[in-house]
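Down below is the structure, laid out as structure tokens.
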Number of protein chains: 2
Amino acid sequence: MAQVRPMRADARRNRERLLAAAVEAFAAQGEGASLDDIAKRAGVGAGTLYRHFPTRRALLEAVYSDRIEAIAERAGVLAERLPAGAALVAWLGELGLGMIQTRGLRALLSSSVRGGEDAGPGAGGSSSDCCDPLRRAVARLVRAAQEAGELRRDVGETDVLRLVHGVAIACGEAVGGGSAGDARDAGNAGDAGDAEGAEDAGERLRRYVGLLMEGLGPRGE
Amino acid sequence: MAQVRPMRADARRNRERLLAAAVEAFAAQGEGASLDDIAKRAGVGAGTLYRHFPTRRALLEAVYSDRIEAIAERAGVLAERLPAGAALVAWLGELGLGMIQTRGLRALLSSSVRGGEDAGPGAGGSSSDCCDPLRRAVARLVRAAQEAGELRRDVGETDVLRLVHGVAIACGEAVGGGSAGDARDAGNAGDAGDAEGAEDAGERLRRYVGLLMEGLGPRGE
DNA sequence: ACCTGAACACCGTTCAAGT
DNA sequence: ACCTGAACACCGTTCAAGT
């Protein structure tokens, strides 16, 4: 499963450089950043990028897999410290926050959760997916919350993951991300009686996750 | 505001042809369809496309504005026939269905609802937006539902619009859309106890809107 | 075994030249 | 007043030639 022979020194170095350039590029330009540009900034030929990362998705995964695993591991911590329902809410908040702060992360979960589309060319069955740790994490939290009677039993992990993803999309970009044209707190403020003045994406996320969880609570079960 | 002088005959004809080609292209390839291709299929030069529709968004709006207005008008009909809360739910279902069936529609509402990003280059303030009819429609339904005590008062039209948009994203593509590689009912079925066998995006949408509305109901107000 | 960079196909956008 | 299509800059991807 792991590399049998260690990589040649120059290959290893090029890989590092590519990853470093990609981190910067994705942060600055979003998940659609020019691959050619990344190769150039890394000081390697375009072919070298493709040799190490055959698809854009492969590069995205390499860049964000650590982050994804870190988020997944938070599930265990929260599950220990909080009652099942609260742990689920808290974890969904953290996941959502990660997604609104990091476009690349959102793109990755997006293509994983929506199935098909662009889940990678080699995705015959479900095979393995960099978001599997998130899947496992949410599965545990969901099951625990259901057993504690704090979550309706007719929703699955995929439902929850999908809904959080949707909610994160709904919240819009976090400010200070990097794109041009910030400082737009006006927008549609003073709409009607909207509780929405200078609220930012993070606050919105918390609010929406809260609403969602009320809908997910055990009704007249 | 409207065209002062009527368009020259050839210009008018080219416009029609472009629109027809765009409808087909967006339906087949999604909102990212090649503009060059659209011009070619319409039998006009690339410059002509840009003369009539200076941005991709302008073309999208021209293609889908009728559809948007039709959806907005449904709000009035539903408001007459149903209690306020039910009317809102039904209308959100229709809007969501439109979005999961028509990628171009989703793209349009997306850039309108998420503010910023690509709301068009000439968007200084909020100016006018092709989704304004939807805004007005949802505003009426929301207000009515709140006055009837069937919707919490701390959510605004924009919240509701955003949430439906998110839910539609969460549902994924409708089958039979046009993309390659359908017939994927397996995917992650048999997950755990997931109520998710061969469920399609439409059913999911209804389910999610239902969940959402339970969360939006007046809690212990 | 790995790297380079030219080559190809494609796309969006502009603009001088036409009618 | 409108149209055409060549031209330009850019991007993703491949592959022969190098070391």
Side-chain angles (χ1 to χ4, degrees), chain A residues 2-22 24-26 28-63 103-104 107 111 117-118 120-122 180, chain B residues 2-22 24-26 28-63 103-104 107 111 117-118 120-122 180:
Chain A
Q3 210 81 16
V4 182
R5 284 238 249 153
M7 259 192 276
R8 227 168 64 178
D10 57 345
R12 172 141 201 83
R13 202 195 45 200
N14 281 340
R15 217 190 108 98
E16 292 314 325
R17 284 192 187 170
L18 279 167
L19 275 177
E24 268 192 59
F26 287 144
Q29 267 104 254
E31 77 274 12
S34 156
L35 296 181
D36 210 61
D37 208 51
I38 291 175
K40 238 171 223 121
R41 278 170 203 275
V44 306
T48 303
L49 190 154
Y50 282 91
R51 163 169 282 268
H52 286 286
F53 310 102
T55 65
R56 177 182 296 274
R57 191 183 162 85
L59 184 55
L60 278 168
E61 292 190 0
V63 167
R103 288 175 57 169
S111 68
E117 283 273 348
D118 51 350
Chain B
Q3 210 80 17
V4 183
R5 284 238 250 154
M7 260 193 276
R8 227 167 66 177
D10 56 345
R12 172 140 201 85
R13 202 196 43 201
N14 281 339
R15 217 189 108 96
E16 294 312 326
R17 284 192 187 169
L18 280 167
L19 276 177
E24 266 191 60
F26 287 144
Q29 268 103 252
E31 76 275 11
S34 157
L35 296 181
D36 210 62
D37 209 52
I38 291 176
K40 236 169 223 123
R41 278 170 203 274
V44 306
T48 303
L49 189 155
Y50 282 90
R51 161 169 284 269
H52 287 285
F53 310 102
T55 64
R56 179 182 295 274
R57 193 184 159 83
L59 183 54
L60 277 168
E61 292 190 359
V63 166
R103 290 174 57 167
S111 68
E117 283 271 349
D118 51 351

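The basis for the numbers below is simple: all heavy atoms, side chains too, and nothing from hydrogens, waters or symmetry mates. Lettering of chains follows the sequences in order, A, B, ..., and the numbering in each one begins at 1.
- Between S34(B) and dC10(C) there is no side-chain polar atom (N or O) within less than 4.0 angstrom of OP1 or OP2.
- In this structure, CG of L18(B) is placed 14 Å from P of dG12(C), rounded to the nearest angstrom.
- Evaluated for a side chain to side chain donor-acceptor pair (under 3.5 Å) with D10(B), the options R13(B), R12(B), R8(B) yield exactly one hit, R8(B).
- Taking only side-chain atoms of R51(B), from C-beta outward, the nucleotide of dC11(D), dC11(C), dC2(D) with the closest atom is dC2(D).
- With a 3.5 Å ceiling on both atom-pair distances, the Watson-Crick or G-U wobble partner of dC8(D) is dG12(C).
- Whole-Å rounding puts the E31(A) CD to dC11(D) C1' distance at 16 Å.
- For the pair T48(B) and L18(B), the tightest heavy-atom approach, listed with the atom from each and the gap, is O-CD1, 4.1 Å.
- Residue N14(B) is classed as a sugar-phosphate contact, given heavy-atom separations below 4.0 Å to backbone atoms only.
- Nucleotide dT14(C) holds its P atom 12 Å from the CG atom of L35(B), rounded to whole Å.
- Between the R103(A) side chain and the G32(A) main chain, no donor and acceptor come within less than 3.5 Å of each other.
- The interatomic distance linking L60(B) (CG) with dG12(C) (P) rounds to 12 Å, in whole Å.
- For F53(B) and dG12(C), the CZ to C1' distance is 17 Å, given to the nearest whole Å.
- Heavy-atom nearest nucleotides on DNA chain D were determined for R8(A) and for R56(A), and the one closer to the 5' end corresponds to R56(A).
- Judged by closest nucleotide on DNA chain C, T48(A) is the one of T48(A) and P54(B) placed further toward the 5' end.
- For D10(A), counting side-chain heavy atoms from C-beta on, the closest listed nucleotide (dG12(C), dT14(C), dC2(C)) is dC2(C).
- Comparing dC2(D), dG12(C), dT4(C) by their closest approach to the side chain of A11(B) singles out dC2(D).
- Within a 6.0 Å radius of CD in E16(B), more than 12 heavy atoms belonging to other residues, nucleotides or ligands are found.
- Residue H52(B) places none of its side-chain N or O atoms closer than 4.0 Å to OP1 or OP2 of dC2(D).
- Under the Watson-Crick or G-U wobble criterion, with both distances below 3.5 Å, dA1(C) is paired with dT19(D).
- The closest donor-acceptor contact from the side chain of R15(A) to the backbone of F53(A) lies at 3.5 Å or more, if one exists at all.
- Atom CG in L49(B) sits about 15 Å away from atom P in dC2(D), given to the nearest Å.
- Across dC3(C), dG12(C), dC3(D), the shortest atom-to-atom separation from the side chain of D36(B) is found for dG12(C).
- One can place OH of Y50(B) at 15 Å from C1' of dA6(D), the figure rounded to the nearest angstrom.
- dG12(C) atom P lies 11 Å from atom CG of L59(B), rounded to whole Å.
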